[in-house]
Asker: 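Here's a structure for you.
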Amino acid sequence: MTQTSYSLQEIAVHIGAELTGPPESRIRAPAPVESAGPDEITFAESPSYAPQVEAGRPGGVVVGPDFPDLPDRTLLRVAEPRLAFLRVLELFAPKRACTGVDPQAVVRASAILGEAVSVGPCAVVGEETRIGPRSRIHAGAILGEGVVVGADCEIEPNAVLLDGVRIGDRCLIHAGAVIGGDGFGFQWLGDHHHKIPQLGTVVIEDDVEIGCNSCVDRATLGETRVGRGTKIDNQVQVAHNVRIGQDVILAGQAGCAGSVTLGNGVIVGGRTAVSDHVTVGDGAQVGGASGVTRDVAPGQVVWGVPARPMQRVLREQAALGRLPEVLKQIKAQERRLAALEQATEQRKRSGANPDVPG
Amino acid sequence: MTQTSYSLQEIAVHIGAELTGPPESRIRAPAPVESAGPDEITFAESPSYAPQVEAGRPGGVVVGPDFPDLPDRTLLRVAEPRLAFLRVLELFAPKRACTGVDPQAVVRASAILGEAVSVGPCAVVGEETRIGPRSRIHAGAILGEGVVVGADCEIEPNAVLLDGVRIGDRCLIHAGAVIGGDGFGFQWLGDHHHKIPQLGTVVIEDDVEIGCNSCVDRATLGETRVGRGTKIDNQVQVAHNVRIGQDVILAGQAGCAGSVTLGNGVIVGGRTAVSDHVTVGDGAQVGGASGVTRDVAPGQVVWGVPARPMQRVLREQAALGRLPEVLKQIKAQERRLAALEQATEQRKRSGANPDVPG
Amino acid sequence: MTQTSYSLQEIAVHIGAELTGPPESRIRAPAPVESAGPDEITFAESPSYAPQVEAGRPGGVVVGPDFPDLPDRTLLRVAEPRLAFLRVLELFAPKRACTGVDPQAVVRASAILGEAVSVGPCAVVGEETRIGPRSRIHAGAILGEGVVVGADCEIEPNAVLLDGVRIGDRCLIHAGAVIGGDGFGFQWLGDHHHKIPQLGTVVIEDDVEIGCNSCVDRATLGETRVGRGTKIDNQVQVAHNVRIGQDVILAGQAGCAGSVTLGNGVIVGGRTAVSDHVTVGDGAQVGGASGVTRDVAPGQVVWGVPARPMQRVLREQAALGRLPEVLKQIKAQERRLAALEQATEQRKRSGANPDVPG
């Protein structure tokens with residue numbers, strides 16, 4: 001880990017900010033607005049944070065055009081404070097240098113490492129595996145045989161890439177993730193579940209992030225594919241033959257069963273499961289803790305188990321909340337109906353309707 | 001990984017198929033019907049795949065008796081194409097040879113390895129651990145002390161078998177799985193949750209498969225047991241003292257809380273949780289994303305949170321879907337009842353019923 | 001693993017029990033009441049276990065004051081059998097001795113190990129990482145740079161503590177757990193999800209247990225914090241910037257999304273998800289398989305998706321169960337209403353109400 005510090009002027013130049021107020025501080029880190037100290041920089045997304053900024057002692061604050069002028073606070077004023085602060089975070093993000101191949105790494109003879117590749121201690125790179133330039137295989141990560149890793153990837157500690165898996169450029173595979181485990185496929189043969197060999201592979205395209213302890217299974221045949229720019233959170237399960245489009249978000253503990261298709265730009269909430277063979281169209285969104293049992297049209301927003309259009313689920317839940325009271329009402333109506341029917345019946349029996357024809 | 005190829009004649013003989021059409025191809029791999037190329041073999045489960053087979057260029061197609069004769073396609077006709085193709089897949093499944101004990105494996109002095117055992121780099125085999133013949137402990141897998149692994153097992157990369165765990169023959173423990181972690185047991189002692197030592201173990205019977213990053217906890221006392229032939233998918237949690245029968249299926253992200261019992265042949269859908277001490281009877285099936293809070297009778301099919309008989313849940317969901325409209329109907333009925341009551345009341349008050357005895 | 005045995009007298013003295021019956025056995029292990037043999041000790045939580053105790057052959061049985069006197073059974077009578085048996089379990093719990101730094105461990109030059117620290121084979125301790133006295137880093141565990149581990153901790157096999165993470169004293173981090181993975185934070189920049197650098201850390205306070213394959217993500221800025229005495233089960237996800245109080249219980253497969261706050265003493269059931277930014281008050285309880293979408297007041301008991309007060313959910317579910325029948329009732333009421341309306345209408349039209357003033 002590198003420890004760096006910047007002057008406020010340097011930061012202001014870097015993000016194109018107008019700097020006002022006392023600029024003495026040297027900034028060592030970004031910090032949340034509620035705890036930022038004199039050597040830290042923070043940001044205020046809207047003027048409503050002004051009291052917090054005044055109450056604290058931040059070294060500097062990235063603010064927008066509409067933020068009030070606080071004379072004893074150092075402000076870095078920009079058009080878009082959120083985006084500017086993202087650039088501040090990137091400035092302070094640790095730059096992990098190439099550390100080469102550790103003496104206690106295991107790199108097989110036929111593996112091919114690109115320029116400036118790092119392989120940590122107790123990491124294993126199998127036969128005929130190829131790793132692109134500047135990629136870093138961290139301690140304890142296991143790469144099987146015939147694996148392909150692109151350039152500028154991070155394969156975090158104890159992650160596993162099994163035989164034949166292919167990873168694009170600039171991918172981040174987090175600790176404990178497993179890519180290329182067998183798909184879960186069995187044929188019942190009358191007296192036992194017989195394993196269907198899982199002969200396909202996994203292809204992870206460029207710029208994909210896969211969270212800690214998440215799993216992407218290999219296809220039975222062909223490939224399981226995760227599209228460019230897709231981001232997968234921790235403990236997500238992606239089963240065999242799933243096809244995930246580009247720029248998809250899968251939040252924590254989500255799961256896709258076998259042969260699911262997710263279109264481009266789909267957002268899947270945390271703890272949401274998609275049943276096998278279901279297709280979720282481009283740009284669709286699935287709320288958290290849902291179970292998607294049939295296809296979702298492009299752009300649709302669904303929720304629930306089974307997942308249905310969001311508006312419909314909210315209406316049903318509101319109705320369900322009123323149901324206990326409504327049941328009482330129905331019971332009362334039953335009594336009232338019976339009373340009315342009795343009155344009508346009595347009238348009939350007593351000939352109260354002499355004028356009605358025969 | 002071994003790369004093999006077979007002639008179509010060899011494959012036809014192997015699966016007992018009648019071979020028709022041009023048999024020139026040498027087959028290098030099985031492939032899905034939609035992408036199979038000239039050196040690949042695929043299968044058509046029913047005649048409905050005929051157009052796809054005609055549109056593509058598969059080297060060979062395993063088909064059933066009722067599949068049409070396509071003169072320019074090489075067909076391998078069998079009685080049961082699905083089962084025959086399973087045998088083709090097995091033909092092409094990689095045969096991982098014994099690689100012996102890697103120089104960078106750690107095998108303790110008192111460990112006992114059977115004939116032709118493989119231990120990969122950075123794998124650890126603890127004191128007094130015994131491994132049966134031909135089993136393969138892959139890179140980074142950690143076996144504690146006093147572990148027993150049967151014959152012909154695969155313990156995949158970075159899997160963990162903790163002290164004293166026992167695994168049968170022909171088991172497949174996938175990457176990152178943890179067998180024998182402490183059960184989750186605490187006693188509240190007025191000011192803190194006090195750990196209850198977890199002194200039991202885990203027994204995995206023969207022919208069991210346990211998915212990537214799944215966990216099977218050791219019993220508090222006695223054993224947690226997974227029965228012969230049971231198949232457990234990825235990210236499944238099996239808590240302390242659970243007893244799972246034979247030939248059970250636990251799909252991805254399912255979970256069994258402490259002391260659950262699953263009978264033989266039970267099928268648990270993905271993302272389904274079973275509450276502690278619940279018993280699910282032989283042959284019962286639990287739909288996905290369910291929460292099983294009480295016992296399920298043998299053969300029963302249940303779904304939902306809490307899990308109830310499937311037919312009942314479907315009826316309730318249909319009813320719930322109509323509820324918002326029904327609430328409007330009830331409101332209208334309320335108005336209509338009031339109008340009728342008013343009419344009846346008016347009639348009474350106006351003496352409209354002179355004939356009714358007073 | 002150490003194998004120990006105790007005489008029944010030794011155990012009786014240790015737990016302050018009155019010993020009656022034949023005391024010949026030497027006890028090698030505690031066991032469940034249904035299987036305890038002559039060299040095993042078990043306990044009977046209530047007199048209702050007497051038949052089981054009589055039917056079996058336990059070497060000794062810890063019982064309470066109200067347990068019947070069984071002349072041919074060796075009883076250890078105490079005021080609180082459950083707590084006394086907990087102390088028996090602790091007596092037999094394996095005492096894993098210090099094994100020092102394994103020759104195949106990797107400990108970086110600037111790491112600082114306290115007295116009697118153990119580091120297992122293929123474990124890695126990064127630069128500037130500090131480990132407190134008597135802590136044990138098991139095989140394959142990876143500790144990044146600048147990590148702090150307190151005294152008397154167990155970091156189990158293949159667990160991962162990423163750069164800068166801080167762990168208190170007497171913590172137990174189970175196999176495959178990942179502490180300090182990146183928070184899941186992205187900014188959509190019009191054409192791609194742009195990673196927000198995750199510059200915060202994770203602080204785990206004293207006496208915390210974190211289950212197998214669970215994950216605790218680092219904060220975007222500041223820290224993700226798990227309070228003293230909190231116990232987290234397997235496969236639990238704790239996202240960035242979550243704050244968990246003291247003595248909290250998170251059961252298996254639970255999840256907390258970003259910036260969730262859990263108060264002291266909160267209990268979260270298995271498979272329950274808490275949505276981002278939600279606060280659950282001190283002592284609140286959330287039933288299993290729930291989805292908590294808004295704040296929960298201190299002491300409140302909630303359940304369901306979305307989580308609502310338990311009593312309300314039970315009422316709603318009971319009402320839902322009656323709904324299919326009720327819909328039929330409403331249909332019948334509709335018919336009866338129509339009949340009444342028709343009768344009233346006919347009466348009106350036929351001038352059946354001559355006395356009503358015109």
Side-chain angles (χ1 to χ4, degrees), chain B residues 106 122-124 126 140 142 144-146 158 160 162-164 176 178 181-182 184 186-187 189 192-197 199 213 215 217 221-222 235 237 239 253 255 257 273 275 291 305-306 308 312 315-316 318-320 322-323 326 329-330 333 336-337 340 343-344 346-347 350-352 354, chain C residues 1 29-32 35 42 82-83 86 89-90 92-94 102 104 120-122 138-140 156-158 172 174-176 207 209 211-213 229 231 233-235 247 249 251-253 270-271 288-289 304-305 317 320-321 323-324 326-327 330 333-334 337 340-341 344 352-353 355-357:
Chain B
V106 176
C122 304
V124 175
I142 310 290
E145 302 183 5
N158 283 351
V160 176
L162 290 153
D163 294 356
V178 178
D182 276 356
F184 192 65
F186 301 91
Q187 173 76 39
L189 290 184
H192 73 287
H193 298 291
H194 194 82
K195 183 176 180 70
I196 301 173
L199 304 181
N213 285 341
C215 299
D217 276 356
L221 290 173
Q235 298 178 353
Q237 152 73 351
Q253 301 182 317
S275 296
V305 182
R308 291 149 289 158
R312 192 180 134 191
R315 261 201 315 273
E316 288 179 11
L320 181 59
R322 292 171 50 202
L323 188 56
V326 167
Q329 188 183 0
I330 290 166
Q333 289 187 348
R336 292 159 66 190
L337 265 173
L340 286 166
T344 303
Q346 274 183 335
R347 202 176 311 124
S350 62
Chain C
M1 292 186 296
S35 72
T42 187
R82 189 180 179 81
L83 299 185
L86 174 54
L89 294 180
E90 290 177 335
F92 283 95
D102 191 273
Q104 270 151 300
C122 305
H138 292 267
E156 295 285 341
N158 283 352
L172 177 40
H174 283 285
D207 299 301
E209 188 163 335
C212 301
N213 284 342
K231 311 297 181 185
D233 200 353
N234 295 351
Q235 298 177 352
D247 299 317
I249 293 281
Q253 302 182 316
R271 179 63 60 76
V305 182
Q317 287 197 335
L320 181 58
L323 188 57
V326 168
L327 292 191
I330 290 166
Q333 289 187 348
E334 190 71 25
L337 265 172
L340 284 166
E341 286 167 337
T344 304
N353 250 349
D355 301 319
V356 174

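The figures that follow rest on heavy atoms only: side chains count, while hydrogens, waters and symmetry mates do not. In what follows, every chain begins at residue 1, and chains take the letters A, B, ... in the order their sequences are listed.
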Asker: Counting only non-hydrogen atoms closer than 4.5 Å, does B:Val124 touch chain C with its backbone (N, CA, C, O), its side chain (CB onward), both, or neither?
Answerer: side chain
Asker: Given that the side chain runs from C-beta out, which part of C:Ala31 has a heavy atom under 4.5 Å from chain B: side chain, backbone, both or neither?
Answerer: backbone
Asker: Can you tell which part of C:Asp102 gets under 4.5 Å to a heavy atom of chain B, answering side chain, backbone, both or neither?
Answerer: side chain
Asker: For B:Asp182, is it the side chain, the backbone, both, or neither that has a heavy atom closer than 4.5 Å to a heavy atom of chain C?
Answerer: both
Asker: Got a donor-acceptor contact below 3.5 angstrom from the C:Asn213 side chain to the B:Gly176 backbone?
Answerer: yes
Asker: Determine the minimum heavy-atom distance between C:Ala93 and B:Pro197, stating which atoms define it.
Answerer: CB-CB, 4.0 Å
Asker: At a heavy-atom distance under 4.5 Å, which candidate from B:Gly255, B:Gly181, B:Ala257, B:Gly291 has the highest pair count against chain C?
Answerer: B:Gly255
Asker: With respect to chain B, which residue among C:Pro30, C:Gly211, C:Ala29 yields the maximal number of heavy-atom pairs within a distance under 4.5 Å?
Answerer: C:Pro30
Asker: C:Leu337, C:Leu340, C:Leu172: which one forms the most heavy-atom pairs within less than 4.5 Å of chain B?
Answerer: C:Leu337
Asker: Determine whether B:Ile142 and C:His138 make a side-chain contact, defined as any pair of heavy atoms from C-beta on separated by less than 4.5 Å.
Answerer: no
Asker: Heavy-atom pairs under 4.5 Å with chain B - which of C:Gln317, C:Gln235, C:Glu90, C:Arg82 has more of them than the others?
Answerer: C:Gln235
Asker: Determine whether B:His194 and C:Leu86 make a side-chain contact, defined as any pair of heavy atoms from C-beta on separated by less than 4.5 Å.
Answerer: yes
Asker: Kindly give the heavy-atom pair with the smallest separation between B:Ala273 and C:Arg271, and that separation in Å.
Answerer: N-NH1, 3.5 Å
Asker: Hey, mind stepping through B:Val305 and C:Val305 against side chain to side chain contact (heavy atoms under 4.5 Å, CB included) and telling me if it holds?
Answerer: CA-CA 9 Å; B:Val305 182; C:Val305 182; over 6 Å; no
Asker: So C:His174 and B:Val178, side chain to side chain contact (heavy atoms under 4.5 Å, CB included) or not? Walk me through it.
Answerer: CA-CA 9 Å; C:His174 283 285; B:Val178 178; over 6 Å; no
Asker: Do the side chains of C:Leu327 and B:Arg315 get nearer than 4.5 Å, heavy atoms only?
Answerer: no
Asker: Output all residues satisfying side-chain contact (heavy atoms from CB on, under 4.5 Å) with B:Gln329, sequence neighbours left out; order by chain, then residue number.
Answerer: B:Val326, B:Gln333, C:Ile330, C:Glu334
Asker: Taking atom CG of C:Leu320 and atom CZ of B:Arg312, what is their separation to the nearest 0.5 Å?
Answerer: 8.5 Å
Asker: With a 4.5 angstrom heavy-atom cut-off, is it the side chain or the backbone of B:Gln187 that approaches chain C, or both, or neither?
Answerer: side chain
Asker: Tell me, side chain or backbone of C:Leu89 under 4.5 Å from chain B's heavy atoms, or both, or neither?
Answerer: both
Asker: Looking only at heavy atoms, which two atoms of C:Lys231 and B:Phe184 are closest? And how far apart?
Answerer: O-CZ, 3.4 Å
Asker: Considering only heavy atoms and a distance below 4.5 Å, find which of C:Ala139, C:Ala289, C:Gly120 pairs most often with chain B.
Answerer: C:Ala139
Asker: Any side-chain heavy-atom pair from B:Leu199 and C:Pro94 closer than 4.5 angstrom?
Answerer: yes
Asker: Under a 4.5 Å heavy-atom cut-off, does chain C meet the side chain of B:Ile196, its backbone, both or neither?
Answerer: both
Asker: Look only at the side chain of B:His193 and the backbone of C:Gly229, and say whether a donor-acceptor pair between them is shorter than 3.5 Å.
Answerer: no
Asker: Kindly indicate whether the side chain of B:Val160, heavy atoms from C-beta on, has any atom under 4.5 Å from the side chain of C:Glu156.
Answerer: no
Asker: Measure distances from C:Glu341 to the heavy atoms of chain B and classify the residue's part below 4.5 Å as side chain, backbone, both or neither.
Answerer: both
Asker: Identify which part of B:Leu323 has an atom lying under 4.5 Å from any heavy atom of chain C, answering side chain, backbone, both or neither.
Answerer: side chain
Asker: Given that the side chain runs from C-beta out, which part of C:Gln253 has a heavy atom under 4.5 Å from chain B: side chain, backbone, both or neither?
Answerer: side chain
Asker: If you count heavy atoms of other groups shown closer than 6.0 angstrom to CZ of B:Arg336, is the number above 12?
Answerer: yes
